[in-house]
Amino acid sequence: MAAPASMEIQQAAEQLRRGRLVAFPTETVYGLGADALNAEAVASVYALKGRPGNNPLIVHVADAATARRLVSDWPDAATRLAERFWPGPLTLVMRKSGIVPLSVTAGGGTVAVRCPDHPVALGLLRAFGGPMVGPSANASGAVSPTTAAHVRAAFPEAIARHELMVLDGGACRTGIESTVLDISGAEFGILRRGAISAEEIGRLLGRRVEVGGDDRLGEGAMPSPGMLSRHYSPRTPARLFDEREWPGVLTGYRKVVVIAGPRRVVPPPHLHVALPEEAEAYAAGLYAALHEADAAGGDAILIQRPGGSGSMWDAVRDRLTRACGE
Ligand code: AMP
Ligand code: MG
């Protein structure tokens with residue numbers, strides 16, 4: 001896929017200045033971009049996604065200097081984390097400054113910021129010259145997009161009405177959403193697992209980092225909704241199965257789609273969508289596999305629970321259990 005030309009990026013930046021939306025590739029998933037300092041533009045992001053107003057947005061920035069303007073308190077840890085992991089799949093939650101509209105933060109006192117590691121995202125942010133909200137470019141609760149085709153399939157009307165422009169940067173490299181780390185309080189906690197692990201962060205900072213500390217979140221807003229039990233879900237009913245349940249798990253179904261490793265032999269009329277055995281490659285292909293399985297028109301999607309250990313597998317299993325609403 002050819003990268004968007006600089007002229008297209010300039011057009012996209014102009015679209016943002018007019019308060020309209022631009023879907024853009026990042027290393028994690030495609031984002032739905034809008035001017036983060038324009039409350040009306042932000043409202044149209046919620047409207048297009050059908051996103052509940054109590055689910056805050058991540059603000060994307062080209063650099064740490066822009067991030068600093070969005071927060072009232074920039075902890076020392078933020079400097080070290082940004083130096084080490086930005087641009088990259090780490091979102092930092094800090095106390096917001098006055099310039100950030102409350103719609104961005106769902107009425108809360110903290111704001112989530114990250115600098116994406118993708119030339120198109122960074123080119124767009126620089127051309128636009130300011131911060132941009134960028135939730136995943138899918139209807140709320142649905143499977144995140146990792147290709148421009150996924151985005152186009154999700155929002156055909158908005159694209160036809162020229163309210164949404166899509167920048168095509170090919171398939172996303174990492175494939176699952178960023179790690180969300182709350183550093184707004186005395187204790188630091190991972191609100192959403194991602195490619196950057198609690199151990200890596202803890203080692204860098206020389207301190208303890210909790211995982212899944214959503215009960216610590218104040219502000220009356222909902223905890224990090226990446227923590228909702230049903231999220232990232234295909235429309236077709238999906239469930240996880242373990243190796244020992246095979247092939248009994250197929251009983252009673254007319255036609256299912258099995259998402260499993262490349263060596264699984266799936267008897268017809270059932271379909272097989274294969275994912276690699278290695279964690280990073282599995283994560284990179286996961287959402288495309290869910291989109292493909294959803295489009296295949298089976299009665300169900302059966303996903304073999306991967307057994308691997310390590311933080312990337314933990315992040316993958318987190319998304320799988322949510323996709324299945326478990
Ligand atoms: P997405 O819609 O895929 O971009 O997901 C954004 C994630 O960041 C969700 O899990 C949000 O709940 C989380 N998030 C955004 N802002 C905040 C915040 N201020 N505090 C905690 N979590 C946040
Ligand atoms: Mg999302």
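Predicted model, so just to flag it, every value in this text is computed and none were measured. Below, each value reflects all heavy atoms present in this structure, side chains not excepted, and no hydrogens, waters or symmetry copies. As the structure lists them, so they are numbered: ligands from 1, and atoms in each ligand from 1.
One option in His60, Arg51, Met94, Arg114 has a heavy atom closer to atom 2 (O) of ligand 1 than any other, and that option is Arg51. Between Lys96, Arg192, Glu177, it is Arg192 that holds the heavy atom closest to atom 5 (O) of ligand 1. The residue from Thr105, Leu32, Val93 that puts a heavy atom closest to atom 20 (N) of ligand 1 is Val93. When the heavy atoms of Ile58, Thr28, Asp182 are ranked by distance to atom 6 (C) of ligand 1, first place goes to Ile58. The option with the heavy atom closest to atom 18 (C) of ligand 1, from among Thr26, Val45, Thr110, is Thr110.
Ligand 1 has an N or O atom lying under 3.5 Å from an N or O atom of Ser136, backbone or side chain.
Counting the atoms of ligand 1 from 1 in the order shown, those under 4.0 Å from a heavy atom of Asn55 are 11 (C), 12 (O). Each of the following atoms of ligand 1 lies closer than 4.0 Å to a heavy atom of Pro135: 2 (O), 4 (O).
Only backbone heavy atoms of Leu57 (N, CA, C or O) come within less than 4.0 Å of ligand 1; its side chain stays farther off. With a 4.0 Å cut-off on non-hydrogen atoms, Leu191 touches ligand 1 through its side chain and not its backbone.
Between the Mg ion (ligand 2) and Asn138 there is no N/O/S contact shorter than 2.8 Å.
Ser97 and Arg68 share no donor-acceptor pair across their side chains, judged by distance under 3.5 Å alone. For the residue pair Asp314/Ser311, the side-chain donor-acceptor check at 3.5 Å is not satisfied. With hydrogens and angles left out, the side-chain atoms of Tyr287 and Glu177 include a donor and acceptor closer than 3.5 Å.
When every heavy atom of Gln304 is checked against every heavy atom of Tyr282, the shortest pair comes out as O-OH, 4.2 Å. Smallest separation of non-hydrogen atoms from Val29 and Pro145: CB-O, 3.3 Å.
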>> Run the side chain to side chain contact (heavy atoms under 4.5 Å, CB included) test on Arg193 and Val211 for me, step by step, so that the C-alpha distance in whole Å, both residues' side-chain angles and the decisive distance to 0.1 Å come before the verdict.
In response: CA-CA 8 Å; Arg193 294 175 189 270; Val211 179; 3.6 Å; yes

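Under a hydrophobic clustering in which Ile, Leu, Val, Met, Phe, Trp and Tyr are joined whenever their side-chain heavy atoms come within less than 4.5 Å, directly or via other members, Leu37 and Val104 fall into the same cluster.
Between Phe24 and His60, the ring-plane angle classifies as perpendicular under the 30° and 60° cut-offs.
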